Amino acid sequence: MKNNFIQFVRKESLHILRDRRTMLVVILMPAVMLMLFGFAISTEVNDVRVAVVAPVRSDGIREAVDRLSRNGCFSFCGYISEQDVDVKLRSGEVLAVVVFDADYDRTLLQAEQNIPVKPPVQIVVDASNTNTASSAALYLQNALSAERPVPTVFETRLLYNPQMKSAYNFVPGIMGVIFILVCAMMTSVSIVREKETGTMEVLLVSPVRPLKIVAAKMIPYLGVSCIMLAVILLLARYVLEIPMSGGVGGIVAVSLLYLVLALALGLFVSTVAQTQVAALLVSAMVMILPMIMLSGMLFPVENMPVVLQGISCCIPARWYISAMRKMMIEGLPVAAVWREIAVLCAMIAVLTGVSLRKFNDKLE
């Protein structure tokens, strides 16, 4: 009886060892998750890009700016005019702007003498990403108050999301993940199911061309995703009261482009995976987890190590979420997200080309 039990254990162990993909997932995933949770998941702000408005560059202002420049949490992006504040924040060149009053030095002296004064410093922060806005404002206040006998009085102004509503931050991220979940995962599983059951071979010998068969399987999921897009946008506008001041037409156009990319990604997964379980593993673990962790949906990309920032550039959701935040929250037009659109188009071309080539190679 004991020998039989040992034989069963040995048999199951050999079965696990032969399944190299499962072993790879079991061994590799804990290491990947540990690295992601250790490096990528960070709510601290490590690289706040700051510009300064200073009508008069007095000794006190120069000293304050020098403290900012020497602080490792900030990247000083130079002096700008007051008229350029909104332009710099909308373009993403800076995350915050410090505006010094012309009487900064005299106001600080009065504050040290306990004379009531108006705030000599205004901190203007881009609050479209709530993950970084509050931390950036607090860091700036602490840095500017350091080495002062009396704490500096500040006026903080939050642009684009003054109430710091978390929905403004999460809706674009949820859209990026949901569309990948529906389009990529469901499409890949659908095509792999046909291959696994043997019906794909039957379809391929029919008079219909293989490309049309694949397209026919994708179109229903595109239709479902379009319905989901309409529902999400209606809920976001009329229930969550997200402004969408950049124009609904542009938001829909970029979202449709992202849906096509998700379909291309699903087609690519279907050419790699041989079983439905493998397709689910690739979709759920290889795609969904990095998209949540590395897309900027929850955690600032700027906080990650350079290597992970480079990897995040290959995550489609990063570019889509960035475009949606700019158009939905900051109110920018489609022309302002041309870089994100160009990256999404390039990804569509690469994924479609590679997938069709692998698909045709298998047919031959």
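Numbers for residues simply follow the sequence, beginning at 1. Because the structure is predicted, anything quoted here is derived from the model rather than measured.
Listed by chain and number, the residues in a side chain to side chain donor-acceptor pair (under 3.5 Å) with Asp86 are Arg90, Tyr160 (sequence neighbours excluded). Taking Ile232 as the reference, Met175, Ile178, Phe179 meet the side chain to side chain contact (heavy atoms under 4.5 Å, CB included) condition, with sequence neighbours excluded. Glu241 is linked by a side chain to side chain contact (heavy atoms under 4.5 Å, CB included) to Lys165, counting only residues two or more places apart in sequence or in another chain. Residues meeting the side chain to side chain donor-acceptor pair (under 3.5 Å) test with Glu93, sequence neighbours left out: Lys88, Ser91. Checked against side chain to side chain contact (heavy atoms under 4.5 Å, CB included), Arg339 has the following partners two or more places apart in sequence or in another chain: Trp319. The side chain to side chain donor-acceptor pair (under 3.5 Å) test applied to Ser58 returns Asp105, not counting sequence neighbours. With sequence neighbours excluded, the residues that form a side chain to side chain contact (heavy atoms under 4.5 Å, CB included) with Ala64 are Arg67, Phe100, Tyr104, Leu144.
Sequence neighbours left out, the pairs with a member in residues 230-260 that pass ring-ring contact (aromatic ring centres under 6.0 Å, His included) are Tyr258-Tyr320. Applying the salt bridge (charged side-chain N to carboxylate O under 4.0 Å, His left out) test to residues at least two apart or on different chains, none of the pairs has a partner in residues 259-268. Note on residues 46-66: no pairs pass ring-ring contact (aromatic ring centres under 6.0 Å, His included), not counting sequence neighbours. Screening residues 328-338 for salt bridge (charged side-chain N to carboxylate O under 4.0 Å, His left out), with sequence neighbours left out, gives no hits.
A donor atom on one side chain and an acceptor atom on the other are not found under 3.5 Å apart for Arg49 and Ser75.
Here CD of Glu63 is found 8.5 Å from CG of Asp59. Values are rounded to the nearest 0.5 Å.
In this structure, Arg62 does not pair ionically with Asp66, as no charged nitrogen and carboxylate oxygen lie closer than 4.0 Å.
Taking the ring centre of Tyr79 as origin, the terminal cationic atom of Arg57 falls inside the region bounded by 6.0 Å and 45° from the ring axis.
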Got a list of side-chain donor-acceptor pairs under 3.5 Å for residues 340-354, not counting sequence neighbours?
from: Glu340; atom 1: OE2; to: Ser322; atom 2: OG; distance (Å): 3.0
from: Glu340; atom 1: OE2; to: Lys326; atom 2: NZ; distance (Å): 3.0
from: Thr352; atom 1: OG1; to: Ile348; atom 2: O; distance (Å): 2.7

